[in-house]
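Chain naming here is simple, since letters A, B, ... match the order of the sequence lines and numbering starts at 1 in each. Computed from heavy atoms alone, side chains included, the values below leave out hydrogens, waters and symmetry copies. Since the structure is predicted, the reported quantities are computational estimates derived from the model, not experimental observations.
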4 protein chains.
Amino acid sequence: MADLHGFSLPRTPEGRSSLVPSPPWHYAGEMLVIEYWCDPAAAARALPPGIAPHPTDPGRAAALFVDWQSCTTGQDELVDPSRSQYKEFFVVLNGVIGDREVTTCPHIWVDRDFALVRGWIQGFPKKLGSVWMTRTFGLGNLADPGIRSGSRFGATAAANDRRIAEGTVTLEHVSPGGPTHNDPPLVNVRHFPRLAAGHHDDPAVHELVGSRSHTRSVSEIWEGSATLSFSAAPNEEHTAIAPVRVGRGFRLAFAYTVDDLEMVQQVSGRVGG
Amino acid sequence: MADLHGFSLPRTPEGRSSLVPSPPWHYAGEMLVIEYWCDPAAAARALPPGIAPHPTDPGRAAALFVDWQSCTTGQDELVDPSRSQYKEFFVVLNGVIGDREVTTCPHIWVDRDFALVRGWIQGFPKKLGSVWMTRTFGLGNLADPGIRSGSRFGATAAANDRRIAEGTVTLEHVSPGGPTHNDPPLVNVRHFPRLAAGHHDDPAVHELVGSRSHTRSVSEIWEGSATLSFSAAPNEEHTAIAPVRVGRGFRLAFAYTVDDLEMVQQVSGRVGG
Amino acid sequence: MADLHGFSLPRTPEGRSSLVPSPPWHYAGEMLVIEYWCDPAAAARALPPGIAPHPTDPGRAAALFVDWQSCTTGQDELVDPSRSQYKEFFVVLNGVIGDREVTTCPHIWVDRDFALVRGWIQGFPKKLGSVWMTRTFGLGNLADPGIRSGSRFGATAAANDRRIAEGTVTLEHVSPGGPTHNDPPLVNVRHFPRLAAGHHDDPAVHELVGSRSHTRSVSEIWEGSATLSFSAAPNEEHTAIAPVRVGRGFRLAFAYTVDDLEMVQQVSGRVGG
Amino acid sequence: MADLHGFSLPRTPEGRSSLVPSPPWHYAGEMLVIEYWCDPAAAARALPPGIAPHPTDPGRAAALFVDWQSCTTGQDELVDPSRSQYKEFFVVLNGVIGDREVTTCPHIWVDRDFALVRGWIQGFPKKLGSVWMTRTFGLGNLADPGIRSGSRFGATAAANDRRIAEGTVTLEHVSPGGPTHNDPPLVNVRHFPRLAAGHHDDPAVHELVGSRSHTRSVSEIWEGSATLSFSAAPNEEHTAIAPVRVGRGFRLAFAYTVDDLEMVQQVSGRVGG
């Protein structure tokens with residue numbers, strides 16, 4: 001009997017079925033980054049054990065809406081875009097591990113299955129959602145904001161048929177430095193539960209992990225004023241870290257490659273269920 | 001009792017609910033145009049009465065995949081993109097009215113309601129579908145084909161959970177003239193049935209209409225080799241006019257405004273049900 | 001040149017493509033009916049010309065969530081359910097034409113294209129939405145409310161990624177008379193606009209029409225207490241006629257056939273745009 | 001700093017956000033079961049290590065289409081059905097572990113995120129798909145097949161906008177014994193990869209697990225003749241185990257509760273990537 005193949009389930013004779021193809025994973029996309037601050041106590045409660053609140057800028061956070069295209073080395077996915085395109089909305093909170101500044105992602109929604117599971121493998125707590133973002137086509141008519149001072153870009157996110165977040169960025173000028181709230185490396189919790197009776201609070205995988213990427217490129221970045229609001233849902237808690245103050249917004253295109261993950265801290269034993 | 005307002009249903013006290021807002025409608029988008037030829041006899045059968053087959057290039061046709069953003073004069077729709085973005089796939093057949101070259105659209109699928117009904121108002125026989133198209137972000141990594149010789153763009157369309165069309169364009173060079181199969185003005189059949197018993201073949205509206213638009217702008221156009229295939233579905237007939245020969249493919253961005261429609265020919269009396 | 005065939009667009013050589021197949025249309029489904037009252041002045045404003053407010057029970061209305069299956073005489077659609085199933089949420093307002101009690105539907109959302117256009121042909125102002133309704137399977141475990149006193153059924157509707165309505169019915173007993181707010185015949189406005197310049201307020205079709213159906217059957221009806229709430233959206237006005245008082249809720253299955261429509265009143269000339 | 005709560009990601013201060021709520025999970029639904037046989041050599045190749053081919057009935061398999069409703073003990077999910085309803089299509093292959101008959105699921109598609117991840121926790125290799133199944137409402141008009149001899153039920157599955165499976169069952173009579181191909185206990189592979197460089201073929205979790213459930217109930221089962229076909233997709237391999245012979249089809253409603261999982265065999269060390 002031959003073995004089965006595939007980086008993820010489903011594992012099959014030919015290995016073509018894996019929901020998440022083997023790394024490396026190449027990404028390119030457009031994003032809106034909106035820097036904001038939430039209630040510092042709420043931010044502290046939302047951080048996973050091992051990450052402490054930001055010592056000098058409490059409540060520091062950012063919201064990101066991204067319109068992605070991704071593929072593995074073979075590029076057939078790019079010409080069958082239902083397997084390569086997805087949109088996502090996520091929040092990062094700023095914190096520290098010792099004296100190392102980090103970000104962590106407490107909430108994220110994407111609109112495709114491969115992106116959902118690829119996220120779980122990296123510790124992103126992805127759920128399905130519906131995400132939209134204003135586009136520009138470089139033509140500048142009334143249906144095309146263009147990249148220029150005064151152009152307004154909006155983005156929205158919904159889950160389970162409820163609008164959960166909306167934001168806008170009104171471009172002012174090329175950004176000298178780009179966004180900073182989302183700049184520190186991402187540290188997330190990889191977590192895979194056990195279902196065996198008596199082990200529901202004893203996950204098979206529960207570890208702090210640090211994102212690693214390379215071959216990064218970025219477009220010209222524009223910045224401007226921003227709006228951002230979160231809306232409640234019965235099975236969501238992102239409104240606990242909703243904006244109490246909104247900072248600058250940024251629009252950029254970005255590309256990188258992911259094929260590695262850093263182990264920051266292995267956690268063993270029971271966790272709060 | 002006050003009147004109700006709205007260009008389309010629903011008509012309401014404030015007129016904010018109309019599925020299709022009042023013209024003008026502004027559009028901007030990216031498209032792949034793939035020129036092709038189908039069986040000339042099938043093309044002749046698919047033309048509406050009033051349009052004759054192309055006299056010198058029988059079976060001449062084009063397939064278009066478009067990723068659109070549209071709005072009315074007020075631009076709040078652009079920052080709530082679920083109300084302004086849609087994708088569509090359609091076919092045009094070439095023909096003549098007298099000695100005037102025209103195109104007509106026998107099949108079209110879109111992914112949003114406002115676009116579906118806005119299409120019916122213009123005589124586009126829109127159904128819902130799912131349409132995807134490869135994107136570029138100008139960054140040129142492995143997930144971003146870029147606009148350059150050798151870049152490959154794909155597009156797909158599905159309806160009722162069946163893949164109905166797929167195409168690719170592999171860019172070669174800037175196009176000196178752009179696509180020509182889709183160049184003549186579109187003439188479609190506006191048709192709105194009656195449900196009253198005895199009148200099922202006596203539509204309330206049945207007329208040949210010609211599209212009108214203005215304030216058109218276009219990006220640099222690239223062209224290259226193309227592939228195109230149609231797949232059958234029990235409630236679709238587009239495979240009757242599937243490609244027997246595929247010509248050149250084109251990629252461009254395009255913008256225009258629509259606020260008028262030309263009456264070409266009013267049809268009265270019974271039609272084939 | 002042969003004629004084209006089809007009750008609706010697209011009209012094609014074989015007539016298999018028509019988005020809406022030729023009547024008769026057969027329907028069967030499960031529904032929640034929630035009777036309510038809205039602000040009488042708002043109800044009066046929302047009625048189309050030709051229908052006067054209910055003289056003795058102002059603000060009388062009902063909300064209906066329906067999980068439908070429909071087909072034409074040939075039943076191949078039933079075994080390819082993406083072409084035969086849909087869900088919808090709608091509101092009816094009670095009123096009178098002369099001394100004849102009627103209802104009219106100012107707002108309705110469905111989740112499939114054929115149902116959307118089939119609605120427009122009957123004067124239902126359908127938009128796309130996402131509708132959900134609790135189901136029962138007759139097994140009565142914790143995941144199955146069953147049909148019995150105390151069972152709770154919920155339903156929700158969303159459009160453009162926003163939750164727009166939610167309701168629940170908690171069953172108490174078999175209903176002696178069934179719901180009454182939605183009982184009078186439906187009279188809607190068939191409306192199909194013109195796009196020709198100068199005619200945007202001069203629709204091609206604008207007429208009051210009365211629904212006709214036959215071969216109706218209904219299950220045992222249960223009734224009980226109900227909740228109902230509407231939520232706002234920038235392009236919706238249903239919250240103007242939101243519940244100020246909620247009455248009884250009902251759960252039933254229902255089937256009928258539609259192949260006719262009554263002309264109530266033809267309207268000519270300009271309408272409020 | 002307080003701990004975070006939740007059976008799955010996202011883990012949050014209140015534990016309300018977990019994509020998969022804590023067990024027990026209660027299920028109720030309607031299903032079509034279609035028994036079939038595939039190429040025995042292909043079935044043998046598709047079995048995970050630890051499960052041997054069925055010794056006396058090679059190629060034995062079943063296809064199941066299920067329309068589910070599920071919840072945890074609290075029933076608020078049932079009245080917000082976007083969080084409790086989902087549909088799925090899956091295949092089981094029959095095999096043995098020693099002399100114990102088992103089934104295993106090589107391919108499964110569902111239409112909601114919570115069901116996808118809840119499946120991965122149990123070793124079901126779920127991807128997102130679109131699944132439809134004919135319904136009955138007990139009214140028996142032309143849009144309602146009813147449960148009686150001659151009634152025809154269909155079901156379809158699609159993924160990435162491609163139809164991947166279709167089946168029908170034409171009811172003949174109440175089934176004396178119900179389906180048998182899917183009767184032996186399910187044994188699946190729980191698998192959660194590592195992304196750390198050098199460990200892409202060294203999963204964090206890779207174990208054979210056996211499903212456990214209780215409080216099972218079942219409706220009257222009907223059986224009849226069946227059809228079943230699979231269609232290919234570039235990233236799917238289910239057509240390798242497509243039907244070469246189709247057996248009987250069954251229609252039933254079914255309910256159960258899951259809160260446990262049996263460890264069958266822990267696998268350590270490298271797996272074929």
- Is T72(B) close to P24(B) at the side-chain level, that is, under 4.5 Å between some pair of heavy atoms? no

- Item | Heavy-atom side-chain proximity of S22(B) to H200(C) below 4.5 angstrom | no

- Most chain B-contacting option - heavy-atom pairs closer than 4.5 Å, from A204(C), A46(C), S18(C): A46(C)

- Query: Looking at Q122(B), E262(B), R16(B), which makes the most heavy-atom pairs under 4.5 Å with chain C?
  - Reply: R16(B)

- Residues in salt bridge (Lys or Arg N to Asp or Glu O under 4.0 Å) with E101(B), at least two apart? none

- Query: Considering heavy atoms only, which positions within residues 107-119 of chain C lie below 4.5 Å of chain B?
  - Reply: H107(C), R112(C), D113(C), L116(C), V117(C)

- Item | Option that, when pairs with chain B are counted at under 4.5 Å, heavy atom only, ranks first among A159(C), P106(C), P234(C) | P234(C)

- Looking at H238(C), E237(C), E236(C), which one forms a side-chain contact (heavy atoms from CB on, under 4.5 Å) with T12(B)? E237(C)

- Over all heavy atoms of both residues, which pair between L261(B) and S211(B) is shortest? Give the atoms and the distance, please. CD1-CA, 4.1 Å

- Message: Under a 4.5 Å cutoff for heavy-atom pairs, which residue among I121(C), L128(C), V20(C) has the most contacts with chain B?
- Response: L128(C)

- Task: Answer with side chain, backbone, both or neither: which region of V209(B) has an atom nearer than 4.5 Å to a non-hydrogen atom of chain C?
- Result: neither

- Identify which of V258(C), D161(C), L19(C), N235(C) forms the greatest number of heavy-atom pairs closer than 4.5 Å to chain B. N235(C)

- Message: Suppose a student defines contact as a heavy atom less than 4.5 Å from any heavy atom of chain C. Which residues in residues 81-97 of chain B would they list?
- Response: S82(B), R83(B)

- Task: Could you list the residues that satisfy salt bridge (Lys or Arg N to Asp or Glu O under 4.0 Å) with D259(B), not counting sequence neighbours?
- Result: none

- Query: Contact part of A233(C) toward chain B, heavy-atom cut-off under 4.5 Å: side chain, backbone, both or neither?
  - Reply: backbone

- Query: Does some side-chain heavy atom of P53(C) sit less than 4.5 Å from a side-chain heavy atom of P58(C)?
  - Reply: no

- Note on the structure: With chain B, the option among K126(C), R212(C), R194(C) that has the most non-hydrogen atom pairs under 4.5 Å is R194(C)

- Considering only heavy atoms and a distance below 4.5 Å, find which of P193(B), S8(B), A197(B) pairs most often with chain C. P193(B)

- Query: Looking at R162(C), K127(C), M263(C), which one has more heavy-atom pairs under 4.5 Å with chain B than the rest?
  - Reply: K127(C)

